[in-house]
Amino acid sequence: MSEHYFDDVESYELKGMNHLITWLLHLLAGLVILTIASTILAFQITALIAIQIGFSITLSESFAIGALQLLIAVIVSYILIKLSIAIQSSELWAFSTSLYLNLLLLILLATMGTIGMIFIFLPIITLISLFLPNIREYWFPLFKEDMGPRIKEIRYSLYLVRKSPLVVAGVIIIVSFVVLAFLAPFFTPYGPEQRIWADYNLPPGSPSTDPNMPIHIWGTDDSGGDVFSRIFWAAQVDLRISVTVVAVAVTVGTLIGAISGFYGGKIDELVMRITDVFFAFPGLVLAMAIVMALGERSLDNIAIALMVTWWPGYARLVRGQVLAEREKLYVEAARSIGASDMRILLVHIIPNTIQPIIVSATMDTGGVLLTAAGLSCIGFGPPAGVDEWGLMISIGQFYYSIAPWAVFFPGFAILMTSLAFNLVGDGIRDIMDPKLRRR
Amino acid sequence: MTESEYLVETRGLKKYFPLTGGVFRKVIGKVHAVDGVDLHIRRGETLGVVGESGCGKTTLGRTILRLLEPTEGEIWFDGKNITDVKGKDLRHIRRQMQIVFQDPMASLNPRITIKNSVGEPLVVNGIARGPKMRKMVLELLEKVGLTEDHLNRFPHEFSGGQRQRICIARALALNPEFVVMDEPTSSTDVSVQAQTLNLMKDLQDELNLTYMFISHDLSVVKHMSDRIAVMYLGKIVELTPHDIFRYAQHPYTFALVSAVPIPDPRFAGKAQILSGEVPSPINPPPGCRFNPRCIFAQEVCKTQEPELRDVGDGHLVACHFAGTLDFGKSAQQEYAEATGSM
Amino acid sequence: MKLRDFILRRMILAIPVIFGVLVITWFLAFQVGDPAAMYINENTPQSAIESIRKAHGLDEPPHIQFILYLTNLFQGNWGESTSTSFRPVLEVIALKFPATIELAMLAMFFAIILGIPLGIISATKKDTVVDHFTRVFSLAGVSMPIFWFALMLKYVFYYQLAIMGLPHLPGSFRYDDLMFPDFKYTTGFLLFDSIVFEHNPRLFLDALAHLAMPAFCLGYLTLAIITRMMRSSMLEVMREDYITLARSKGLSERVVIYKHALRNALIPTVTVIGLAFGGLMTGAVLTETIFSWPGLGTWAARAILNSDLAAINGFTLLVALIFVTSNLIVDLVYGTLDPRIRYG
């Protein structure tokens with residue numbers, strides 16, 4: 001009985017006290033959560049930056065940003081909501097947890113940050129660790145041994161290249177165009193969008209009307225743009241377009257053609273009918289229609305249209321090669337030792353079909369350049385003012401009798417670049433021809 | 001027919017190739033490449049398969065390895081029916097059965113070094129890679145008489161005989177039980193041929209291999225084989241454990257044997273040359289397939305197809321008159337008697 | 001029998017191709033723009049727009065419209081070209097087709113006449129200055145931007161000669177309509193019409209002068225292709241054993257080249273010539289635009305820029321048909337030239 005009484009009294013006395021303490025605890029918890037939340041915010045931002053940089057190097061950007069932010073937000077908000085509910089219902093564990101919550105979150109953030117850092121440094125670390133003496137010893141001799149014969153072959157190819165003046169000329173032109181395109185910001189006297197309206201249609205070599213500006217080496221166009229500068233700014237655009245278009249077309253065409261040739265049957269029949277359809281189209285007209293159907297006349301749309309029209313050529317080429325290669329004995333030999341289809345295709349068939357693909361890809365880079373320039377020349381390109389060779393001709397053609405240089409130089413640049421790619425492609429064909437190689 | 005006795009068996013094995021034509025590319029006929037073959041190959045023996053070109057011996061070899069899908073019939077390997085095995089199991093089976101092709105240059109990938117070509121079976125089947133693979137490949141190459149210098153070369157840097165030995169090394173990489181030799185020596189000259197054949201025999205003794213030795217060269221087959229099967233138009237017409245030069249029972253075998261040239265001018269011009277062409281395998285003649293060219297052909301040969309039957313000691317012949325025909329002496333037999341050899 | 005089967009098979013195979021072309025162009029063109037836009041302007045009342053849409057079947061869902069288009073196509077109604085004053089597409093094609101074909105034929109003529117001899121010379125004089133020059137010349141043809149080449153030709157042979165007061169080549173159109181104001185087309189082939197129907201050699205020469213630059217410009221690419229093909233196949237053939245045999249028989253080099261080698265080297269070249277005809281159609285779009293040539297190419301480019309759906313569809317269908325037929329003809333010619341080829 002007495003115990004019960006004391007209990008009662010104690011509880012009664014403590015009631016007011018309890019209220020105060022509970023209130024104070026709530027306040028404390030609120031403060032802690034607030035500080036934690038703000039620290040989290042700061043930490044999260046730094047960690048996210050680290051993570052995102054790390055991921056964007058290795059993974060695709062959208063995934064890195066979207067998924068990780070979501071992950072952190074979900075974890076943090078889950079903990080905070082759970083805690084607030086617990087504190088609301090005055091559960092005692094919640095108060096103690098909120099005290100070391102910042103520790104928990106710090107650990108979480110540290111982990112995430114470390115992951116981000118790892119993703120930043122992973123490629124570098126791997127690369128460095130590969131060259132550590134005790135790891136290097138494991139792979140390097142084998143690598144060297146494997147590469148030895150290949151390097152011998154490559155060296156011989158280079159020797160053949162050096163012997164052929166046309167290929168050397170082509171390589172020099174391509175390399176100098178690429179280098180000049182990249183160095184355009186440093187040596188061109190005028191910026192890409194810079195116009196001096198008073199300087200319209202000046203012949204090559206004439207000084208600018210503005211005494212502070214350098215002379216126009218190759219003259220100016222109708223809007224006072226410096227032709228010399230514009231051509232090298234445009235080289236960036238044109239080379240990028242032709243290389244990307246060919247790269248995409250080669251990849252897609254090779255994959256489709258290889259699968260179609262390798263598996264044959266229904267897939268093959270379907271793919272061949274589709275390529276037939278593309279071949280029956282006048283390529284330029286199809287590209288025009290695609291550009292228009294995409295809605296906007298721009299270089300990107302021209303690139304897309306050319307990708308769509310160009311892959312069937314490669315699909316055909318690769319299919320034919322694969323069909324021939326598939327019947328070779330070494331493919332059957334590989335099959336007899338239990339190699340999978342994928343391995344046969346990737347290790348045995350595609351490397352042996354790659355030569356004609358390289359040749360035609362090189363030559364097509366010139367072809368794509370011509371077609372892209374042609375498209376923008378007849379009005380399917382971007383609006384005037386953008387630096388692109390075809391467009392410069394397109395605008396210049398209205399003034400070709402008074403300012404022929406504004407047409408001549410961009411066209412000549414197209415001709416030289418395209419010629420260079422064709423020279424190299426032609427040369428590679430001869431060099432890779434097994435009949436002419438020592439065997 | 002206990003499991004231990006026969007390593008490979010075929011039961012009524014058939015392989016037809018479709019022929020297409022017309023507007024819609026319909027199947028208008030079939031090439032009867034292998035048309036009902038029953039074979040048993042014992043453990044550790046060499047079965048020689050001979051026949052003219054186009055008689056289906058290569059197709060037979062490839063079908064047994066499941067490199068070609070059989071049209072009909074069954075293939076048994078090591079007591080298991082492997083006719084319908086697919087995917088992983090098939091690859092597992094293939095580790096125990098290997099093939100050496102006729103043309104060693106074509107059966108090596110020209111862009112891959114010898115080390116990787118020979119090591120490919122090891123890598124594909126997850127047995128070894130890296131330095132371990134290199135060591136195993138080196139052992140294999142040494143077994144066939146090549147050295148470490150050869151490891152990192154491309155196929156085109158080798159001679160024909162060396163290439164064939166590389167192919168043999170590759171076939172042996174997986175430690176198979178059964179190897180099909182598909183005319184392994186036909187693209188090399190005679191001196192190299194002898195070397196290669198002896199190497200194969202040594203390897204057989206060393207590794208306890210079972211061979212199916214396909215060739216059109218009778219003397220080579222005789223040198224290599226314990227038993228010899230003679231094929232004609234997709235069928236086995238004779239299967240003999242005896243000396244094929246002396247005890248031929250089928251008229252076709254006899255004709256083949258007597259066509260082997262003899263290095264002695266006294267016997268020149270004595271060979272029996274088969275008349276006519278090999279009939280088309282698209283429409284093989286009814287009855288005995290050999291009847292249009294057989295000098296002993298009777299009425300029954302044109303209507304009834306002879307079964308492969310035992311004429312004693314496991315000597316099987318597919319002829320209605322097996323054992324009763326008198327071929328006379330072939331030039332070879334006379335020559336053998338004259339020189340006291342064979 | 002074999003030949004008939006072959007032709008029949010090729011024709012059956014061509015049906016899905018043509019159908020595929022139709023589907024792709026139609027749906028692409030459907031994306032390009034609203035055909036009704038050509039019939040209305042800002043003054044058209046809203047109710048009229050609805051009725052215009054209904055009248056042209058444009059209120060239906062796309063697949064119904066496509067089927068409608070197909071049925072019309074089979075009845076010989078290819079639609080009306082809105083960018084060419086609403087005339088029926090077939091009529092416009094009939095009007096403009098001869099101009100393009102005449103241009104393409106002359107371009108092909110240039111290419112063959114120059115290309116084959118150049119290829120032969122280049123191959124027989126391999127690795128000499130002549131050969132190097134020919135190779136660069138033909139590679140330049142492959143990498144030549146046609147539109148720029150056309151402008152440069154025009155600048156030199158039209159503008160520069162004209163301002164110097166020299167006789168010059170005309171830079172645009174098919175004939176000088178100031179000199180021949182009352183000329184009317186009969187067949188549409190100007191070179192043919194001028195002689196046969198008009199009996200006017202001056203018109204003929206004028207038309208030829210007008211054709212010269214565009215045809216050369218258009219033909220240069222084909223010329224380059226033919227030269228390269230001729231050279232490589234000639235070199236290939238010259239390595240064959242039967243050429244060595246012919247030489248060892250004591251035949252003169254002339255006979256060896258022109259009688260034995262040329263005939264076999266021509267086979268792949270003929271194929272290339274046939275296939276290049278399709279390429280001429282593409283090149284025509286660019287050349288015709290620069291030279292204001294009233295042909296199909298200009299029409300097609302303008303049609304696409306103006307969202308003229310019927311014209312786009314009509315043009316691609318026509319080119320696809322030409323392509324399929326020329327491929328078939330190439331294969332047949334190939335068969336007659338090369339006795340080893342059997343149809344099947």
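Since the structure is predicted, the reported quantities are computational estimates derived from the model, not experimental observations. Numbers restart at 1 for each chain; the letters A, B, ... are given by sequence-line order, proteins then strands.
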Using heavy-atom distances under 4.5 Å, tell me whether C:Tyr158 contacts chain A through its side chain, its backbone, both, or neither. side chain
Out of curiosity, A:Phe279 CZ to C:Asn327 CG, how far, rounded to the nearest 0.5 Å? 10.0 Å
For C:Glu240, give me all partners under salt bridge (Lys or Arg N to Asp or Glu O under 4.0 Å), at least two apart in sequence or on another chain. none
Measuring from atom CD of A:Glu269 to atom CG of C:Leu13, what distance do you get when rounded to the nearest 0.5 angstrom? 7.5 Å
Heaviest contributor of heavy-atom pairs below 4.5 Å to chain A, chosen from C:Leu317, C:Ile304, C:Thr289, is C:Ile304
Checking C:Tyr159 against chain A: side chain, backbone, both or neither under 4.5 Å from a heavy atom? side chain
Write out, in numerical order, the residues from residues 296-303 of chain C with a heavy atom short of 4.5 Å from a heavy atom in chain A. C:Ala301
Go through A:Cys377, A:Gly379, A:Gly366 and name the one with the most non-hydrogen pairs under 4.5 angstrom from chain C. A:Cys377
Can you sort out the partners of A:Ile174 under side chain to side chain contact (heavy atoms under 4.5 Å, CB included), two or more places apart, ordered by chain and number? A:Val178, A:Ala420, A:Phe421, A:Val424
Look at C:Thr25, C:Ile18, C:Val23 and state which one has the largest set of heavy-atom pairs under 4.5 Å with chain A. C:Thr25
To the nearest 0.5 Å, tell me how far A:Leu375 CG sits from C:Leu286 CG. 8.0 Å
Chain A contact via C:Phe19 - which portion, at a heavy-atom distance below 4.5 Å: neither
What distance separates C:Met152 CE from A:Leu415 CG, expressed to the nearest 0.5 Å? 11.0 Å
Sorted by number, residues from residues 137-151 of chain C in contact with chain A (heavy atoms, under 4.5 Å): C:Leu139, C:Ala140, C:Val142, C:Ser143, C:Met144, C:Pro145, C:Phe147, C:Trp148, C:Leu151
